[in-house]
Q: 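Take a look at this one; I'll ask things after.
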There are 2 protein chains.
Amino acid sequence: MSAGVYSVEKMREILTGYMEAKKLRKTVERYTILECICRLQGHFDVETLRKHVVENHFSVSQAAVYNTIELLMDAGLVVRHQFFSQVVQYELKSAALTHHHAICHYCGGIREVKTEKVKIPADYKIPKFTPEYHSLYIYGMCSKCKFRERSQKKKNNE
Amino acid sequence: MSAGVYSVEKMREILTGYMEAKKLRKTVERYTILECICRLQGHFDVETLRKHVVENHFSVSQAAVYNTIELLMDAGLVVRHQFFSQVVQYELKSAALTHHHAICHYCGGIREVKTEKVKIPADYKIPKFTPEYHSLYIYGMCSKCKFRERSQKKKNNE
DNA sequence: TTTACTGCAAATATTTTGCAATATC
DNA sequence: GATATTGCAAAATATTTGCAGTAAA
């Protein structure tokens, strides 16, 4: 897992550009949260992110975290996932572009699958729709659960 | 939109087979809910489904609906989506297999895109993982929102 | 100075859970 | 008859909202 194609600096720049274009205010909270997301490396939920920010000696409210994530999604820096549980997960878009997600619906475990393994044509055309980003979720069973299932069947003499 | 590849009868059979294999009870609620899902044709959320069931003169509790959807997912008849809002949507798996989803993140509108348009190789291999089903979400901007955006820019002399 | 943004807390929305009643096996 | 499943309501979880205070422009 990596912070992705973009550096933290590049992402700050994109965020700044977006806020200036939309005439939004450049608050310390927004930049701090973006940096914390980069440091988190990978998927995160709102509560995890907020804890991480606070651990880095910066106090933010939950409301500001929700607000900022929304903003970062609008700016095209963050994408949203809902894999399995009720908790919504987020991820840096530049990182998400490098992989798909394999989700085991027995244990809820998530694996990243390099995009080269399952190539989706980037030039697909959809009438009356302008694609910007896509997300592929592959559901199935991980080897651990497969093993557990086999042991279970054996025990039951199936 | 169609009820999918399978007929209602076939799906009842699959459900029966699954419940017998797992030694679960064949309750009226479970069969009724499955039939209502088939009649709904397309995406639905828990509350919509429950209303539909009740409108068809059958009383079920919310708990039973949640329970049954979970069961139907385990039986491989229903898949889960979370497109945009906080509301989780479900769909018959056999219907979901025929299309991907194009999601406009400006208005939240969802379009179905025939799978032939964006073909995902069915034979992909993932180490230590057995794929069973996949879901492709294409995010972007629908033509209505594109038009609205253009009008807005024009008004602001951009 | 203006007002967008934050923090806080309360409100809403959604899902899960405990337990008694019921229906399946 | 044994117990899985349901219904009901309460609890838990997640997100949104209102409003006063703060800080960016």
Q: Nearest whole angstrom, please: distance from the P of C/dT15 to the CG of B/Asp45.
A: 8 Å
Q: Please compare A/Ala64 and B/Val28 by the position of their nearest nucleotide in DNA chain C and report the one closer to 5'.
A: A/Ala64
Q: For B/His101, which of B/Arg111, B/His43, B/Gln89 qualifies under side chain to side chain donor-acceptor pair (under 3.5 Å)?
A: B/His43
Q: Measure CD/B/Glu29 against C1'/C/dA21 and give the value in whole Å, please.
A: 13 Å
Q: Let me know the distance between OH of B/Tyr31 and C1' of C/dA23, rounded to the nearest Å.
A: 15 Å
Q: So do B/Phe129 and A/Val113 actually touch side chain to side chain, heavy atoms under 4.5 Å?
A: no
Q: Counting the benzene-type ring for Trp, do A/Tyr137 and B/Tyr133 have ring centres under 6.0 Å apart?
A: no
Q: Does A/Phe147 CZ have over 12 foreign heavy atoms under 6.0 Å away?
A: no
Q: Among residues 19-27 of chain A, which ones have heavy-atom contacts with DNA chain C below 4.0 Å?
A: A/Leu24, A/Arg25, A/Thr27
Q: Could you state the CG-C1' distance from A/Asn67 to D/dA23, rounded to the nearest angstrom?
A: 14 Å
Q: Are B/Cys38 and B/Met11 side-chain neighbours, meaning at least one heavy-atom pair lies under 4.5 Å?
A: yes
Q: Quick one: are A/Thr115 and A/Leu136 in side-chain contact, heavy atoms under 4.5 Å?
A: no
Q: Among C/dG7, C/dC5, D/dG7, which nucleotide has an atom closest to any side-chain atom of B/Val60?
A: D/dG7
Q: Tabulate atom names and distances for all N/O pairs under 3.5 angstrom spanning the protein and nucleotides 13-20 of chain D.
A:
{"residue": "D/dT15", "atom": "OP2", "partner": "A/Tyr66", "partner atom": "OH", "Å": "2.6"}
{"residue": "D/dT15", "atom": "O5'", "partner": "A/Tyr66", "partner atom": "OH", "Å": "3.2"}

Q: Output the rounded distance in Å from CD1 (B/Ile69) to C1' (C/dT14).
A: 13 Å
Q: Salt bridge check, B/Glu91 against B/Arg80: does any charged N sit closer than 4.0 Å to a carboxylate O?
A: no
Q: For C/dT6, does either OP1 or OP2 sit under 4.0 Å from a side-chain N or O belonging to A/Arg30?
A: yes
Q: Using the C1' atoms of the five pairs at each end, what is the angle between the end axes of the helix from C/dT1-D/dA25 to C/dC25-D/dG1, to 10°?
A: 40°
Q: Are B/Glu112 and B/His100 close enough that some pair of their side-chain heavy atoms sits under 4.5 Å apart?
A: no
Q: Strictly distance-based, threshold 3.5 Å: is any side-chain N or O of A/Asn56 a donor or acceptor partner for the main-chain N or O of A/Phe58?
A: no
Q: Apply side chain to side chain contact (heavy atoms under 4.5 Å, CB included) to the pair A/Val79 and A/Tyr90, showing each step before the final yes or no.
A: CA-CA 6 Å; A/Val79 297; A/Tyr90 302 88; over 6 Å; no
Q: Answer yes or no for B/Arg148 and B/Tyr106: cation-pi contact, defined as NZ/CZ to six-membered ring centre under 6.0 Å and angle to ring axis within 45°.
A: no
